[in-house]
Amino acid sequence: MQIKKVNSFKVEFHQRFTRIGLIMASCLVFAAAAFGQTTPQATPPPQPQPLPSPQTPPSNPTVPKTDPTTGTTPPAQQQPVPPANNQTQQQPQPGQTQTQPNAPAGQAPGTTLPGTTQPGTAPATGAPTGNPAPTAAGQSVGTSGVAPAQLPAEPPAIEPNFEAPNRPLPSAERVGVDVSEQTPLSLNEAITMALENNNNIETAQIDVQLSEFDLRAARGVFDPRFTTQTYFERSKIPTASSLGGANGSTTSTSLVGNAGFSGFAPIAGGSYQAFFNSSRQTTDNPFTSLNPQFPTALVLNYTQPLFRGRRIDDNRRRIQIARKNLSLTDAQFRQQSINTITSVVQAYWDLAYALRNLQVQIDAVKQAREQVQSNQRQVREGYLAPIDIIAADTQVTNFEQNVYTAQEQVTRAESSLKTLILPKAEANLWARAVVPTTPVNVEPPRTSFEEALGAAMTTRPEIAQLQTNREINEINTRYFRDQTKPQIDLVASFTGAGLAGTSITNGANPLTGTFGPIIDRVNQLSTINNLPPLTLNNTTGTGLPGNLIGGYGQSLQNIVGFNYPTFRVGVNIEIPFGNRTAKANLGRSLAEGTRIEAVRDQTVQQIKYEVQTSLQSLRSAEARLASAAASRSSAEQLYASEQRRLQNGTSTVYFVLQRQQELVAARARELQAQTDLNKSIADFQRSTGNTFQAHNITVREANETVTKLQVAKPAASGTDSTGFLPSQPRSTPAISRAIVNNSLDSLPE
């Protein structure tokens, strides 16, 4: 023990002796430099220094050997060299004054500022020969000959003597999270929960349902419309003719019932109407032969466009656009799902990095505390100075600050992930700590730029959206071009009429009944003149055909038997003059098509940019990970070596603490490189549109329209015992939503 103390004392003596020698050498150099500026003698050339003997102890690397003339640290085992070129001290000429007026405070009289010359002296080698820049009072000119900027006035002092009081560190518990209740969560489970609970995906899926309803509503224009009307009517109409009622009015009652169908044909743009009218009418008009009577009618109409509206009309246009909008919302749903999955993957790896970085910072604090204890032991044994304990304590406090910062990153990353995978703020998982269980993927996808770009052009949802927008514009262009044509329609109609009623036989005809006396008088005169008498027939009968005598059934038989048909065939022509509205709509649609093409070109360029940058980022992240792993390994070896040197007395605590900081930083960089690689893989999958395939997600569709999007989620994490590699899709089949719901029941909300 005594021998160790003697050896330690010798080492400490050599170190202190070396420091004193360096300090004295620096003072001599400074004095020589100052003396050389104030005396007109030439500067002697530097003499070579003898090599140190083997018995000379090594100098303490913690003491910087600073040249007071230049402010720089010369290399080891070299004497300070004089300033070069423009910093070389100029020798005064005979008869020149060696004092400088207006010298800054603290500068010895007779000295010359670096980069300037005294009056009457030649400029130094390399100095500018032009007129010197004007300088303000109190300012000095640097070596470049440019005056420094004028500093602003100092602000008023606000608590100049403030010092934070020594306080204990706050609680190390996480805010709002109980770390004792930890919930393991794999990447697949996080994606499954996001697809089930994410509000953005739910909103996009609702948009798809809304588009489905819009398509059904557009197709509803071809549904036939049934109309019916039934009413009873009693009317009393005044008459001013002797042929009217007996009291100057006619009273009639009607019981009317009408029904009909109308609508549009799903092809060729035609429209149809079919109406059936029937009623029961009674009247007190004495000239009516049927009372009550049952008039009926069947009317059929059809209009067929021959020019405008035959290939496309507004109804078919709306249906086609609604179908395309459904495809558009489907593509938007896919894009939203891809973006959400990418965000979940990146948030998952951010949480994994934050937790591992927190562990690194905690380990760093433990190592720093062990270093403090080691320094305390060595100070007690006389190997180290007491100041080394303070340096180690400072290292501990700095690392403790890093622990709190890392814990804040954990909370932020975990909250970001929970926001993506939980449906509401009342979920129980918000109060639990999430522990990622999926291993880090360090094997990126291996593909070329051409293959990645080709995959992106066929699978990116943006391309499908642009194609749908182009098809919608083509539909509008075809419709508006059709609207510029004249309207020529073929019109055909058929009307079948029916009538029946009860014949009136009680009473004479009021019109022929007044002719009786006149007929009798004429017959008398005819007898006197031997002429035949006149005969008045049907004075009490109706004289109607038999198919009109009967009830409501007879009236319908007249319609069915086509006893009283009416046919009509014609052409309706409408020629708008100018037709500026249709032409303007067509021009706008054509301009919209040009804009869509420009947007498509821009989107293709953006996709190419994203694929290129993501692939480059993937390779860069892989290289950074390899470099960070090598740096971390080197930092561990250097730290261990520096500790051994400290124990052997050939190093200092300063270098040990510095190596410790470098080791902690190297470990953090390695973790960050691993996280960046996994995030780059997720971004590369998004840029190439391969997110669904990489995570084993399928979208199930119906035949021509998407009735409901069914997303098959990835299997539970129990099947991924070796860890799921996003670059290598698993061979397990997609599972149904029911199975996913059952598996989610075991997960926290």
Side-chain angles (χ1 to χ4, degrees), residues 1-22 51-66 73-78 356-357 359-403 625-673:
M1 189 65 183
Q2 296 296 333
I3 296 175
K4 290 184 178 179
K5 289 186 177 180
V6 171
N7 293 334
S8 175
F9 177 78
K10 289 181 178 181
V11 173
E12 184 68 22
F13 176 78
H14 286 302
Q15 292 179 354
R16 293 184 180 180
F17 180 80
T18 303
R19 295 188 185 124
I20 295 174
L22 291 175
L51 296 176
S53 61
Q55 290 79 13
T56 303
S59 60
N60 190 355
T62 60
V63 179
K65 299 181 288 295
T66 305
T73 302
Q77 299 179 357
Q78 291 183 3
R356 298 176 66 187
N357 182 55
Q359 185 62 50
V360 168
Q361 301 302 329
I362 293 176
D363 293 341
V365 172
K366 294 179 180 179
Q367 291 179 356
R369 290 176 179 176
E370 293 176 357
Q371 187 65 44
V372 170
Q373 297 175 359
S374 176
N375 290 0
Q376 291 175 349
R377 290 193 302 268
Q378 296 186 49
V379 167
R380 288 194 301 266
E381 295 175 359
Y383 294 151
L384 297 178
I387 194 65
D388 293 330
I389 299 179
I390 299 177
D393 285 336
T394 304
Q395 185 87 310
V396 172
T397 57
N398 293 334
F399 284 167
E400 287 176 347
Q401 295 178 18
N402 296 339
V403 169
L625 178 58
S627 176
S631 299
R632 185 261 309 156
S633 178
S634 300
E636 291 177 348
Q637 298 176 15
L638 291 174
Y639 175 64
S641 174
E642 205 67 41
Q643 283 184 321
R644 291 192 299 269
R645 293 180 60 187
L646 178 64
Q647 295 175 359
N648 296 331
T650 59
S651 182
T652 61
V653 175
Y654 172 80
F655 283 105
V656 173
L657 298 180
Q658 185 176 6
R659 295 300 187 188
Q660 190 178 39
Q661 292 178 355
E662 293 174 356
L663 176 58
V664 173
R667 289 175 177 174
R669 286 194 299 269
E670 183 182 15
L671 294 179
Q672 186 64 57

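For the single chain, residues carry numbers from 1 onward in sequence order.
Atom CZ of R369 sits about 10.5 Å away from atom CG of D393, to the nearest 0.5 Å. For the atom pair T652 OG1 and L657 CG, the distance stands at 8.5 Å (nearest 0.5 Å).
With a 4.5 Å cut-off on side-chain heavy atoms, L384 and L646 count as touching. No side-chain heavy atom of Q660 sits less than 4.5 Å from a side-chain heavy atom of Q643. Residues Y639 and V656 have side chains in contact (heavy-atom distance under 4.5 Å, counting atoms from C-beta outward).
In terms of modelled atom types and a separation under 3.5 Å, the side chain of T394 and the main chain of I390 share a donor-acceptor contact. The backbone N or O of Q361 sits nowhere less than 3.5 Å from a side-chain atom of N402 that would complete a donor-acceptor pair. When atom types are taken as modelled, the side chain of S633 and the backbone of A629 share no donor-acceptor pair closer than 3.5 angstrom.
With sequence neighbours excluded, the residues forming a side-chain contact (heavy atoms from CB on, under 4.5 Å) with Q401 are N398, listed by chain and number. By the side-chain contact (heavy atoms from CB on, under 4.5 Å) test, Q376 is found to be paired with V372, R380, I389, residues two or more places apart in sequence or in another chain being considered. In this view, R669 and A665, A666 satisfy the side-chain contact (heavy atoms from CB on, under 4.5 Å) rule, not counting sequence neighbours.
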(message) Run S641 and Q637 through side-chain hydrogen bond (donor to acceptor under 3.5 Å, both in side chains) and show every step you take.
(response) CA-CA 6 Å; S641 174; Q637 298 176 15; over 6 Å; no
(request) List the steps and the verdict of side-chain hydrogen bond (donor to acceptor under 3.5 Å, both in side chains) for Q367 and D363. (result) CA-CA 6 Å; Q367 291 179 356; D363 293 341; over 6 Å; no
(request) Verify side chain to side chain contact (heavy atoms under 4.5 Å, CB included) between Q395 and Q661, making sure each step is shown before the conclusion. (result) CA-CA 9 Å; Q395 185 87 310; Q661 292 178 355; 2.6 Å; yes
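The pair E662-R659 meets the salt-bridge criterion, with a side-chain N (NZ, NE, NH1 or NH2) lying under 4.0 Å from an Asp/Glu carboxylate O. Looking at R632 and E636, a side-chain N of the basic residue comes within less than 4.0 Å of a carboxylate O on the acidic one, giving a salt bridge.
Nearest heavy-atom pair, F399 versus A364, reported as atom, atom and distance to 0.1 Å: CD1-O, 3.4 Å. Nearest heavy atoms, A673 versus L625: CB-CA, 3.6 Å.
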